[in-house]
There are 2 protein chains.
Amino acid sequence: MAVRERPVSGGLAPREETLGSPPNVNRADCPSRGVLEHVTSRWAVLILAALRQRSYRFSELRRQVGGVSEKMLAQTLQTLERDGFIHRDAKPVIPPRVDYSLTPIGHEVAEQVWTLTRWVEGKLDHVLGAREAYDGARET
Amino acid sequence: MAVRERPVSGGLAPREETLGSPPNVNRADCPSRGVLEHVTSRWAVLILAALRQRSYRFSELRRQVGGVSEKMLAQTLQTLERDGFIHRDAKPVIPPRVDYSLTPIGHEVAEQVWTLTRWVEGKLDHVLGAREAYDGARET
DNA sequence: CCGTATCCCTGCCGATACTG
DNA sequence: CAGTATCGGCAGGGATACGG
């Protein structure tokens with residue numbers, strides 16, 4: 001997966017054309033920045049991770065992801081659906097039933113953010129210890 | 001504003017370790033939530049990814065990460081340092097020189113977010129195509 | 001049950017100016 | 001060079017009410 005490491009200069013883009021240049025999150029004006037922010041947004045990470053193993057209905061998902069409001073759940077799901085990470089299946093029944101699942105590409109990214117969440121959970125004690133050391137050294 | 005308190009089961013079968021609940025990002029009140037948000041925050045992702053291969057000075061880092069303000073760079077670096085992901089090395093020279101590098105644990109997380117950024121860059125075209133399809137189906 | 005629409009307030013973040 | 005201090009806009013996102 002050899003990736004081209006370019007001498008990227010960030011915000012102050014010189015005279016380079018943006019048409020032929022490859023996507024680069026380090027550039028402020030690259031659309032990949034937006035996609036990255038969608039995926040790493042507060043609720044998207046948890047939603048993607050939750051959907052990793054099976055599909056969920058709206059209210060199921062809301063229970064699964066602690067603390068998310070209806071508004072933010074709906075909004076985040078829409079964004080992820082628009083970007084092609086989530087598939088929305090609305091059954092025309094009464095009462096309404098809507099199932100959310102991952103697309104193939106959504107599953108790829110979900111695996112990554114899920115790994116990250118598990119890693120963070122595992123390192124939590126380590127991090128909390130580091131914080132105490134940091135705060136301790138700061139007080140006199 | 002009290003967060004709605006529900007017996008969030010987290011979906012996963014509870015472990016047998018009843019000595020305090022293990023870290024779970026799905027719980028609104030779990031400290032791991034905060035750590036995850038630090039790591040996945042807008043600038044932290046890019047900063048961690050940038051530091052993956054070598055250390056950077058403050059202004060180098062600012063040039064590397066396009067669009068970041070001095071304030072947000074300093075703020076994010078402090079947060080990541082406090083959580084133990086970044087090491088700050090201030091040399092007592094004139095003019096001042098401060099090098100930022102990853103700690104061992106920082107390197108672990110940096111690899112993950114870096115992989116994610118590269119993945120997003122690679123899938124950008126796919127995502128942009130999905131957006132067009134989505135927006136196209138919406139207008140009629 | 002599954003959302004959308006509205007209000008509105010918090011705090012994020014950019015801009016600017018200043019210090020060691 | 002490497003930050004801190006302060007102000008202010010504006011958008012994220014919570015609460016609530018309402019529609020399909």
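Sequence lines set the chain letters: A, B, ... in the order given, protein chains first and strands last, and positions in each chain run from 1. Values below: every heavy atom of this structure, side chains too, minus hydrogens, waters and symmetry copies.
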Item to check | Euclidean distance, atom CZ of residue B:R63 to atom C1' of D:dC1 [Å, nearest integer] | outcome: 11 Å
Output one line per pair: protein atom, nucleotide atom from nucleotides 8-13 of chain D, and distance, for all N/O pairs under 3.5 Å.
unit_1 : atom_1 : unit_2 : atom_2 : d
D:dG13 : N7     : A:K71  : NZ     : 3.0

Item to check | Whole angstrom value for the distance that separates P of D:dA2 from CG of B:D89 | outcome: 12 Å
Checklist entry - Would you say C:dC2 has OP1 or OP2 under 4.0 Å from some side-chain N or O of A:R88? => result no
Checklist entry - Among residues 90-101 of chain A, which contact DNA chain D at a heavy-atom distance under 4.0 Å? => result A:P96
Checklist entry - So, do A:I105 and A:F85 sit near enough that their side-chain heavy atoms are less than 4.5 Å apart? => result yes
Checklist entry - Roughly, in whole Å, what's the span from CZ in A:R62 to C1' in C:dC1? => result 13 Å
Item to check | For atom CG of B:L77 and atom P of D:dG3, their distance in whole Å | outcome: 8 Å
Next on the checklist: Minimum heavy-atom separation for B:A28 and A:G66, please, with both atom names.
Outcome noted: CB-O, 3.7 Å
Item to check | Electrostatic pair A:K123-A:D125, nearest N-O below 4.0 angstrom | outcome: no
Next on the checklist: Can you measure A:E70 atom CD to C:dT6 atom P for me and round it to whole angstrom units?
Outcome noted: 17 Å
Item to check | Separation of atom CD in B:Q78 from atom P in D:dG3, rounded to whole Å | outcome: 9 Å
Checklist entry - Would you find more than 12 non-hydrogen atoms of other residues, nucleotides or ligands less than 6.0 Å from B:E132 atom CD? => result no
Checklist entry - Does B:R57 put a side-chain nitrogen or oxygen below 4.0 Å from OP1 or OP2 of D:dC1? => result no
Checklist entry - Is the closest side-chain heavy-atom distance between B:V39 and B:V45 below 4.5 Å? => result no
Checklist entry - If you check every side-chain atom of B:A74, which of C:dG3, C:dC2, D:dG3 has the closest atom? => result D:dG3
Checklist entry - Which heavy-atom pair separates A:A44 from A:L80 by the least distance, and what is that distance? => result CB-CD1, 4.0 Å
Next on the checklist: Does the structure place the NZ or CZ of A:R62 under 6.0 Å from the centre of the six-membered ring of A:F58, at an angle of no more than 45° from the ring's axis?
Outcome noted: no
Checklist outcome for this item: Rounded to the nearest 0.5 angstrom, the OG-CZ distance for A:S101 and A:R88 is 11.5 Å
Checklist entry - When the distance from CZ of A:F58 to P of D:dG20 is rounded to whole Å, what number comes out? => result 17 Å
Next on the checklist: Using only atom types and a distance under 3.5 Å, with no angle test, would you say the side chain of A:T76 pairs donor to acceptor with the backbone of A:L73?
Outcome noted: no
